[in-house]
Amino acid sequence: MKKQITILSGAGISAESGISTFRDANGLWENHRIEDVATPEAFQRNPELVLEFYNLRRKQLYEVEPNAAHFAITQLQAQFDVQVITQNVDDLHERAGNENVLHLHGQLKQVRSTGYPQTVYDLEGWELRLGDTCENGHQLRPHIVWFGEEVPNLMVAAEIVSRADAVIIVGTSLNVYPAAGLYQYARPDTPIWIIDPKANELSYPDSITPINEKAGAALPRLVRSLLNGEIIL
Ligand code: OAD
């Protein structure tokens with residue numbers, strides 16, 4: 001049976017594709033207040049502003065491409081059961097050919113009914129407007145997990161991590177819970193790497209191996225070592 005490798009990804013894996021992270025200098029949360037654009041209250045108060053924020057981010061998706069880090073994950077699939085758990089709402093993992101991708105915080109290209117939360121659609125194009133409704137006449141909203149909302153895929157994600165033979169954390173500042181705590185579901189002695197140019201500034205247990213580099217260089221190298229048997233799980 002193939003060994004299972006779980007990738008826990010955040011905004012940093014898409015940075016080299018040209019997508020802004022949240023908490024770096026010039027990141028999204030430096031130019032927008034979370035309370036204005038990423039909470040259910042913000043959507044009630046000023047839906048146009050919230051829709052605009054996500055429309056711009058969705059539009060950008062059509063202008064960017066997956067990078068070497070996303071493609072390295074595809075290569076890893078040749079020998080391992082690779083499970084990606086991402087906080088990202090972009091579709092770059094899928095577009096690079098990553099097969100098992102679980103989105104914790106939703107997906108930009110999906111929208112859902114405010115009246116029937118189970119009614120989820122793939123959005124055509126990049127723009128969701130006030131007045132766009134589900135078939136029952138309820139306004140559609142971004143299919144994004146906002147601050148203060150539950151993370152529906154959390155338990156599925158925890159179960160995946162608990163089965164991992166190795167975990168690679170890449171491009172997340174480990175600031176946002178519950179996602180930031182997921183690696184703790186790994187079995188004791190499971191090797192865990194963290195790839196982040198600021199890994200030395202993040203807080204995590206000593207047992208995790210930091211790689212203080214960008215994902216586009218470090219992840220392909222780690223993948224090569226796993227594929228050629230330099231690292232044995
Ligand atoms: P953050 O912006 O908090 O963290 C991004 C991390 O990526 C930082 O630690 C950077 O150092 C690192 N990074 C930057 N460039 C990198 C590169 N080329 N390679 C590798 N790492 C790099 O983003 P997240 O941790 O993903 O949630 O943020 C978590 C959640 O907070 C997001 O899903 C979003 C946000 O608010 C919601 O909107 C609900």
Side-chain angles (χ1 to χ4, degrees), residues 7-43 49-58 60-61 64-73 84-93 96 101-110 112 141-154 157 168-183 193-204 208-223:
I7 314 278
L8 296 172
S9 72
I13 198 171
S14 298
E16 287 159 88
S17 293
I19 296 183
S20 297
T21 60
F22 295 93
R23 294 173 183 80
D24 290 303
N26 221 9
L28 283 168
W29 296 154
E30 203 168 87
N31 302 311
H32 305 269
R33 280 159 31 105
I34 288 177
E35 313 80 70
D36 290 340
V37 294
T39 66
E41 294 77 20
F43 189 59
L49 182 71
V50 174
L51 291 178
E52 171 75 0
F53 175 73
Y54 287 101
N55 282 344
L56 289 177
R57 304 195 53 217
R58 198 179 296 110
Q60 189 189 29
L61 274 194
V64 298
E65 299 289 338
N67 65 57
H70 300 101
F71 288 116
I73 295 172
V84 177
I85 300 172
T86 187
Q87 294 169 76
N88 297 346
V89 293
D90 65 51
D91 59 353
L92 296 182
H93 281 297
V101 184
L102 184 71
H103 287 268
L104 287 175
H105 293 164
Q107 288 183 255
L108 275 174
K109 286 189 175 169
Q110 293 186 333
R112 74 166 181 267
R141 57 163 275 181
H143 188 46
I144 299 283
V145 176
W146 284 326
F147 285 87
E149 295 185 317
E150 300 245 316
V151 177
N153 286 333
L154 184 67
I168 304 172
I169 303 170
V170 49
T172 171
S173 63
L174 298 174
N175 259 298
V176 175
Y177 284 82
L182 270 175
Y183 69 81
W193 292 270
I194 184 161
I195 298 175
D196 192 308
K198 289 190 199 152
N200 50 352
E201 294 171 28
L202 307 178
S203 95
Y204 48 83
I208 298 186
T209 307
I211 303 177
N212 291 274
E213 280 177 65
K214 290 184 176 180
L219 192 54
R221 204 175 60 237
L222 180 57
V223 162

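As the structure lists them, so they are numbered: ligands from 1, and atoms in each ligand from 1.
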Residues pairing under side chain to side chain donor-acceptor pair (under 3.5 Å) where one sits in residues 211-221, two or more places apart or in two chains, turn out to be Glu213-Arg221
Whether Trp29 and Phe53 hold their rings parallel, tilted or perpendicular, with breakpoints at 30° and 60°:
parallel
Any donor-acceptor N or O pair under 3.5 Å, side chains Thr172, Gln87
yes
Would you check, one step at a time, whether the test salt bridge (Lys or Arg N to Asp or Glu O under 4.0 Å) holds for Lys109 with Asp90?
CA-CA 8 Å; Lys109 286 189 175 169; Asp90 65 51; over 6 Å; no
In short, Pro152 meets Val145 closest at the heavy-atom pair CD-CG2, 4.1 Å
When you measure from the side chain of Arg141 to the backbone of Arg112, do you find a donor-acceptor pair of N or O atoms at a distance under 3.5 Å?
no
At a 4.0 angstrom heavy-atom cut-off, ligand 1 is contacted by Gly10, Ala11, Gly12, Ala15, Glu16, Thr21, Phe22, Arg23, Asp24, Trp29, Gln87, His105, Val145, Phe147, Gly171, Thr172, Ser173, Val176, Asp196, Pro197, Lys198, Lys214, Ala215
